[in-house]
Every structure is written in C-alpha cells, then in structure tokens.
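Letters A, B, ... are given to chains in the order of the sequence lines, protein chains preceding strands, and every chain is numbered from 1. Treat the numbers as computed from the prediction; the structure is a model and nothing was measured.
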Amino acid sequence: GAVVSQHPSRVICKSGTSVKIECRSLDFQATTMFWYRQFPKQSLMLMATSNEGSKATYEQGVEKDKFLINHASLTLSTLTVTSAHPEDSSFYICSVSGGTPYNEQFFGPGTRLTVL
Amino acid sequence: QQQVKQSPQSLIVQKGGISIINCAYENTAFDYFPWYQQFPGKGPALLIAIRPDVSEKKEGRFTISFNKSAKQFSLHIMDSQPGDSATYFCAASTLYNQGGKLIFGQGTELSVKP
C-alpha cells in the first residue's frame, strides 16, 4: 500500500491560534485525499474530501472556514485549524486514494492536536 | 441508510482462539468492504477487503465472510495472538461514487489474553 506521512505527529497550541497539519503521500500519486478526526474510543469521522487542484468537499456539520483544506499537488494536502479552541482537540488523520483497482484508502499515522 | 453497524463493541479472546467481529449495512449500493486495524495512537491500516461478488476472502489468519442477501459481513481472526490486540473497524463504500468515501463502523476493541 501507499506510504503516507503526517507532520507534525503531535502539536499543542493556545486557544485562538491556527495550526497547520501536512499530509504527504510519499510513493503514490493521490488524486483524492480525505481528512478525518477521531475522538478517544470513537470511530473515524470524515471531515472533507479533496481532489488535487480543486476545492474540498466538506461533510455536513464541518465548518469550512474553520478547517481549511488545500490539496496543492498529487502528494501534498494541508489542513489548517483556524482559531483553534479546546473542543478542537482531537486526533486528525488523513488518507489517500487513487489509481488502485479498488480505490483503496491508505491512512497516515495521525496528528494529535491539543488546544489549551 | 448510510450507516454500518458493528458488533461487539469490545471482545476478549484467549490466545489461539478465534475472534469474530460482525458488521451490517443497509445501502445495497455499497460494493467495497474493507477492514482496518488500528493500534493506539496510530492511523488505521488496511487489513483485508472484499467485493460483493465473492462470499469469502482469506489472507493468512484473517478471513472475511460476506452474506450479500443478509447485508452482513464479518472478520474472523484465527489463532488469535496478543499482537492482534487492537481496534478493528469495518467500512463500506461505493467504489466509484463520492470518490470512494468510506462509511466506518463503530469499532471493536479486541484484547487477546496470553
């Protein structure tokens, strides 16, 4: 499967600041990237889907002005959490897909965000 | 109709035993059913997947059984090992619609006792 990296692996920030999380597909041209958030002991919740070079499609209830997604190339997508608040503290995970027979999704290692 | 229901929520199995996790879905348009394994603090890893044109798929100690008429599928882990202790998620998608968006089950926390 594809090798996906995320940076940073964990970040602590103050309330009101913005945080950028990078997702890179290291050996795979990802035509589609997905962003999820996961709270402790819960399932993955899809936040948005993005295709290279076009605007992201956000899931219902996800604020697009708060969670800015940029899919600049076939190997890089970024998620910026703007004006972060403690309730945004979560585990953010990206995944990539594209070009494989079953359009499988391959996940990154996740980023733990803590907002103080 | 987009939901995937997974059970049990948690499972304790003795080393060498069989672990069985079940999932059910409603949307008959789903045509791809993967299982993911997630260790604490890590991203999910694709374990095994099945399409509805087969009733069973086996990879090593992991087997998916698929019942199209009942709209159910399950993961069987044979000869379970302590290293299999993790959270398992089933998922479903329509491969070529919505960019292959996955609908995840609620997860099953598996603990394999030595």
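A salt bridge is defined here as a Lys NZ or Arg NE, NH1 or NH2 lying under 4.0 Å from an Asp or Glu carboxylate O, and K58(B) with E56(B) fails to meet this definition.
Counting all heavy atoms, side chain and backbone alike, I48(B) lies closest to F62(B) at CD1-O, 3.6 Å.
There is no contact between Q6(A) and chain B, counting heavy-atom distances below 4.5 Å. Using a 4.5 Å cut-off between heavy atoms, L102(B) contacts chain A through both its backbone and its side chain. Q38(B) touches chain A through its side chain: at least one heavy atom from C-beta onward sits under 4.5 Å away, while N, CA, C and O do not. For a residue to count as touching a neighbouring chain, one of its non-hydrogen atoms must lie under 4.5 Å from one of that chain's; by this rule Q6(B) does not touch chain A.
Across P34(B), S93(B), A49(B), G41(B), the residue that shares the most heavy-atom pairs under 4.5 angstrom with chain A is G41(B). Ranking R10(A), R112(A), Q38(A) against chain B, the residue ahead of the rest is Q38(A), based on heavy-atom pairs under 4.5 Å.
Using a 30° and 60° split on the angle between ring planes, Y25(B) and F33(B) fall in the tilted class, from 30° to 60°.
For the 3.5 Å distance criterion, the side chains of H76(B) and S74(B) qualify, holding a donor opposite an acceptor. Between N67(B) and S69(B), the side chains place a donor N or O and an acceptor N or O closer than 3.5 Å (distance only, hydrogens not considered).
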